[in-house]
Every structure is written in structure tokens, then in C-alpha cells.
A.B. asks: 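Here it is, the structure, as C-alpha cells.
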Amino acid sequence: MRFTKAIALLATASSTLAAPLQARHDATKAFTLDISFSNSPLNGPIQASNGSFYIGKPPSTSCPSDIPDCPPGNTTTFTSTSGLLHLNTEVPGGQQVYISPEGLLTYTLPHSAAIPLGSQVTGFDISPANQMAKFFDFWLCSVDAEYKVWRIWAEYRDEEGAVKQNGYTGENACTMVSLLAGDVEGDDHGAWQYDS
Ligand SMILES: *[C@@H]1O[C@H](CO)[C@@H](O)[C@H](O)[C@H]1NC(C)=O
Ligand SMILES: *[C@@H]1O[C@H](CO)[C@@H](O)[C@H](O)[C@H]1NC(C)=O
């Protein structure tokens with residue numbers, strides 16, 4: 001494993017990682033967001049749990065008992081229109097994905113549209129040609145001492161223009177990743193709702 005621990009590398013990091021060309025994103029379809037990074041054994045779709053997105057953790061989902069035919073709720077899938085990103089849910093009002101003022105990729109909770117002031121809600125365009133979630137430089141940062149659970153952060157510039165990536169604590173590891181859309185077969189929603 002070769003993980004970037006040096007915060008100094010942040011400033012020179014670029015998002016121009018090669019995108020696989022074997023598949024194309026169908027804009028009408030729901031999709032997973034799969035991490036892609038050649039130097040890391042980390043892989044698979046990011047999963048919504050407790051307000052953020054993880055590798056190494058199952059999604060936290062639920063469905064009211066009076067709903068027939070609940071979606072399985074064991075995957076995290078998304079839809080995107082006009083640069084906005086949503087979780088592919090059935091819950092009334094939906095659930096929107098955004099980047100918090102601290103740079104955490106996060107989502108609105110069921111029955112609440114609350115998004116903190118200073119969050120980034122647009123720019124989540126998925127390129128149909130290369131399936132990449134553009135415009136953001138994403139990092140995976142470990143949250144446990146065993147490096148089993150990793151959380152997605154976005155790198156951003158603060159008001160002074162300094163590059164920030166707040167997933168790095170000085171104690172953990174972070175690695176830059178691309179997020180690639182993987183089209184979901186069928187019309188099923190990922191879950192009724194994703195919980196906190
Ligand atoms: C869930 O998120 C909250 C707020 O960020 C945090 O305080 C709490 O520790 C998290 N719980 C788990 C189980 O990760
Ligand atoms: C999710 O659950 C469904 C129904 O039990 C199952 O068919 C499917 O393989 C599961 N998917 C994953 C990714 O675990």
C-alpha cells in the first residue's frame with residue numbers, strides 16, 4: 001500500500017487520473033459511485049452511512065413497515081441532473097448530496113432539506129463519456145486505526161485560496177481517488193431512505 005500522508009502533496013495533486021473507457025454512463029440510469037485509484041487496494045462503491053460516504057462500511061438504510069416491496073437497501077445508488085446529485089431513494093422529498101463547508105461529502109437526512117450555509121450543492125456532473133464525477137478532487141481518508149473504514153472528503157480552496165482537505169488529521173492516511181459512475185441495472189431504488 002502506498003498512501004499519501006504528506007499534506008504538502010495536496011497542493012500539487014491533480015484530478016487527471018485516467019478514466020477507464022470500457023463502459024459509458026447512461027444519463028437516464030441510476031448509478032453507483034465507485035472509487036478508482038491504481039495505487040491502492042481500496043475499491044468498490046462508496047456507501048452512505050451516518051451522513052457521509054464510506055468504503056468499508058455498509059449503507060445505513062431503512063424502510064417503513066407499511067411500505068410494500070421495499071428496495072433491498074444494501075447498495076448506495078445515485079441520480080444526477082443539472083449538476084445536482086441525489087441519493088436514489090423513494091422517501092418523499094428525496095435526499096440530496098452536497099459537500100459540507102468542511103469538505104465532507106454528505107447528504108440531507110430523510111424529511112429534511114437542511115443544508116448548512118456555505119455548502120457546495122452543484123457541480124456534480126457525471127461525464128457521460130468517461131463516467132467521472134468531475135469538478136472535485138476527492139480523497140479517501142481512514143477513520144479507524146486498522147485502516148479498514150475510509151471516508152470520502154473533497155479538496156477545496158478556502159477564501160484565501162489555500163488548498164484544504166480536512167479528512168487528514170495527522171494520525172490517519174489519505175489517498176486521492178476518482179469517483180466513477182457505474183450504471184445500475186433495472187429501475188430499483190437503492191433504498192427507501194438512507195439514515196443518519
Ligand atoms: C455519526 O455522525 C455524528 C456527527 O458527525 C458523529 O458525532 C457520530 O460519532 C457518528 N456516529 C458513528 C457511529 O460514526
Ligand atoms: C442486495 O440484496 C438483494 C436481495 O436480497 C440481493 O439480490 C443482492 O445481491 C444484494 N446486493 C448486494 C450488492 O449485496
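Each ligand, and each atom within it, is numbered from 1 in the order the structure gives. These numbers come from the heavy atoms of this one structure, side chains and all, not from hydrogens, waters or symmetry mates. Here the structure is a predicted model, which means the values were calculated and not measured.
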A.B. asks: Is Y107 reaching over with its side chain to a backbone N or O of D195, donor-acceptor style, under 3.5 angstrom?
C.D. replies: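 Side chain of Y107 to backbone of D195: a pair is present.
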A.B. asks: At what distance, to the nearest 0.5 angstrom, does CD1 of I46 lie from CG of L105?
C.D. replies: 5.5 Å
A.B. asks: For atom 4 (C) of ligand 2, what is the nearest protein heavy atom, given as residue, atom name and distance?
C.D. replies: P72 CB, 4.2 Å
A.B. asks: Please confirm whether the ring centroid of F53 lies under 6.0 Å from the ring centroid of F138.
C.D. replies: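 For F53 and F138, the ring centres are not under 6.0 Å apart.
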A.B. asks: Heavy-atom count around D187 CG within 6.0 Å, excluding the residue itself: above 12?
C.D. replies: no
A.B. asks: Within ligand 2, which atoms have a heavy atom of T75 less than 4.0 Å away?
C.D. replies: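 Once the distances to T75 are compared, the set is 13 (C).
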A.B. asks: Counting non-hydrogen protein atoms only, what is the nearest one to atom 1 (C) of ligand 2? Give residue, atom name and distance.
C.D. replies: N74 ND2, 1.5 Å
A.B. asks: Indicate whether atom 14 (O) of ligand 2 is within a distance of less than 4.0 angstrom of some protein heavy atom.
C.D. replies: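 Yes, because at least one protein heavy atom sits under 4.0 Å from atom 14 (O) of ligand 2.
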A.B. asks: How close do Y54 and S49 get, heavy atom to heavy atom, and via which atoms?
C.D. replies: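 Looking at all heavy atoms of both residues, the shortest contact is CE1-O, 3.1 Å.
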A.B. asks: Protein non-hydrogen atoms only, distance under 4.0 Å: does atom 11 (N) of ligand 2 have such a neighbour?
C.D. replies: yes
